[in-house]
Amino acid sequence: MNNTEQIEQFWKEYLRVHPEAGDHYVAWAFGDSPEMADELLDLVLRGIKTGTSSNYAMYELEGGTPPRVGDQAILLNGLGQPKAVILTTKVDVLPFNEVSAEFAYTEGEGDRTLDYWRAVHEDFFSREANFWNVAFDTGIMVLCENFEVVYSPSHTL
């Protein structure tokens with residue numbers, strides 16, 4: 001079974017438990033490497049990571065739709081296999097330099113401080129901007145999303 005088939009089957013299994021969920025979802029993995037995807041997914045599955053952020057401009061550059069409250073997404077591991085369904089509970093868009101310490105804590109990474117969040121996200125957003133030949137600065141708009149896990153049949157990556 002290929003990853004697309006696995007994802008579709010995972011969603012069907014989720015619908016058996018949550019038939020009200022409908023048929024709209026997206027499937028994605030955290031970060032820009034299989035290792036990062038697995039590391040951050042592990043934090044989600046352990047209940048530590050309940051927030052994620054993205055450079056808001058990337059949605060337009062990549063042709064994607066920003067998440068909205070009530071959206072559901074399938075989280076993938078580093079191999080592209082489905083492992084959990086999350087429900088978006090809160091979305092804010094604000095400048096990078098205005099992201100709060102409270103939100104940084106929900107990301108669950110490192111020591112969970114705002115300083116750590118800024119350091120790793122400046123690095124990540126800079127790599128991403130470089131790929132698209134755009135500039136990173138601390139005033140870029142960041143989409144800050146909070147979520148809850150609503151389905152995870154197994155807590156293995």
Side-chain angles (χ1 to χ4, degrees), residues 1-18 21-59 61-93 96 99-129 131-132 142-157:
M1 184 181 307
N2 67 34
N3 286 5
T4 301
E5 292 169 336
Q6 286 180 18
I7 292 166
E8 289 172 359
Q9 182 61 36
F10 193 84
W11 188 255
K12 286 178 184 174
E13 292 167 9
Y14 172 64
L15 287 177
R16 282 191 204 110
V17 179
H18 297 280
D23 55 5
H24 176 73
Y25 66 91
V26 293
W28 52 270
F30 289 106
D32 59 1
S33 71
E35 297 79 19
M36 186 182 289
D38 285 345
E39 177 185 328
L40 298 179
L41 176 61
D42 179 59
L43 292 174
V44 170
L45 295 177
R46 294 184 349 197
I48 297 168
K49 182 175 182 63
T50 59
T52 192
S53 55
S54 50
N55 179 341
Y56 190 72
M58 293 299 121
Y59 291 100
L61 288 171
E62 296 174 354
T65 302
R68 296 178 314 260
V69 171
D71 283 357
Q72 299 166 104
I74 296 175
L75 295 183
L76 308 174
N77 68 8
L79 297 174
Q81 300 164 325
K83 295 297 176 179
V85 176
I86 59 169
L87 174 71
T88 300
T89 58
K90 183 178 179 184
V91 174
D92 290 308
V93 178
F96 179 91
V99 171
S100 70
E102 292 79 17
F103 178 77
Y105 185 84
T106 71
E107 287 239 14
E109 300 169 37
D111 64 6
R112 301 179 85 170
T113 63
L114 182 57
D115 286 340
Y116 182 88
W117 183 91
R118 284 183 175 157
V120 298
H121 285 81
E122 182 172 341
D123 181 56
F124 179 81
F125 292 155
S126 292
R127 286 194 316 271
E128 191 175 55
F131 175 81
W132 288 97
V142 174
L143 186 139
C144 298
E145 174 185 5
N146 289 103
F147 56 82
E148 63 183 63
V149 175
V150 292
Y151 181 70
S152 179
S154 71
H155 287 320
T156 59
L157 297 178

Engineer: Search all heavy atoms of Ile7 against all heavy atoms of Gly80 and return the closest pair with its distance.
Structural biologist: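 Closest pair (atom of Ile7, atom of Gly80, distance): CD1-O, 4.2 Å.
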Engineer: If every non-hydrogen atom of Trp132 is compared with every non-hydrogen atom of Glu62, which pair is closest and at what distance?
Structural biologist: CZ2-CG, 3.4 Å
Engineer: Determine the minimum heavy-atom distance between Asp38 and Gly78, stating which atoms define it.
Structural biologist: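 In this case the closest contact between Asp38 and Gly78 is OD1-N, 2.6 Å.
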Engineer: Examine distances only and state if a side-chain atom of Asn3 and a backbone atom of Leu79 form a donor-acceptor pair shorter than 3.5 Å.
Structural biologist: yes
Engineer: Out of the candidates Thr50, Thr89, Thr88, only one should pair with Glu145 under the side chain to side chain donor-acceptor pair (under 3.5 Å) rule; please name it.
Structural biologist: Thr88
Engineer: Would you check if Ile74 and Tyr151 make a side-chain contact, meaning some heavy-atom pair closer than 4.5 Å?
Structural biologist: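 SC-SC contact between Ile74 and Tyr151 ruled out.
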Engineer: How long is the gap from CG on Asn55 to CG on Leu61, to the nearest 0.5 Å?
Structural biologist: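 Going from the CG atom of Asn55 to the CG atom of Leu61 covers 8.0 Å.
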Engineer: Have Tyr14 and Gln72 got a donor and an acceptor in their side chains that come within less than 3.5 Å?
Structural biologist: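 Side-chain D/A pair, Tyr14 to Gln72: present.
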Engineer: Looking at Glu5, is its backbone amide N or carbonyl O close enough to the side chain of Glu8 to form a donor-acceptor pair, meaning the two atoms are under 3.5 Å apart?
Structural biologist: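 Checked: no pair found.
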Engineer: Identify the heavy atoms of Phe10 and Ala84 that sit nearest to each other, and give their distance.
Structural biologist: CZ-N, 3.5 Å
Engineer: Can I get a per-line list of side-chain donor-acceptor pairs under 3.5 Å for residues 107-114, giving both atom names and the distance, sequence neighbours left out?
Structural biologist:
unit_1, atom_1, unit_2, atom_2, d
Glu107, OE1, Lys49, NZ, 3.0
Glu107, OE1, His121, NE2, 3.4
Glu107, OE2, Ser53, N, 3.1
Glu107, OE2, Ser53, OG, 2.6
Glu107, OE2, Trp117, NE1, 3.1
Glu109, OE2, Lys49, NZ, 3.0
Asp111, OD1, Thr113, N, 3.1
Asp111, OD1, Thr113, OG1, 2.7
Arg112, NE, Tyr105, O, 3.0
Arg112, NH1, Tyr105, OH, 3.4
Arg112, NH2, Ile48, O, 3.1
Arg112, NH2, Tyr105, O, 3.0
Thr113, OG1, Tyr116, N, 3.1

Engineer: Count the heavy atoms belonging to other residues, nucleotides or ligands that lie under 6.0 Å from OH of Tyr56, then report whether that count exceeds 12.
Structural biologist: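 Open.
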Engineer: What's the spacing between Leu76 CG and Leu41 CG if we round to 0.5 Å?
Structural biologist: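 Interatomic distance, Leu76 CG to Leu41 CG, rounded to 0.5 Å: 8.5 Å.
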Engineer: For Tyr59, give me all partners under side-chain hydrogen bond (donor to acceptor under 3.5 Å, both in side chains), at least two apart in sequence or on another chain.
Structural biologist: Ser54
Engineer: For residues Phe125 and Met58, determine if any side-chain heavy atom of one lies less than 4.5 Å from a side-chain heavy atom of the other.
Structural biologist: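 In short, these two side chains do not touch, never coming nearer than 4.5 Å.
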Engineer: Just to verify, what does Glu128 make a side-chain hydrogen bond (donor to acceptor under 3.5 Å, both in side chains) with, not counting sequence neighbours?
Structural biologist: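 Checked Glu128 against side-chain hydrogen bond (donor to acceptor under 3.5 Å, both in side chains); zero matches.
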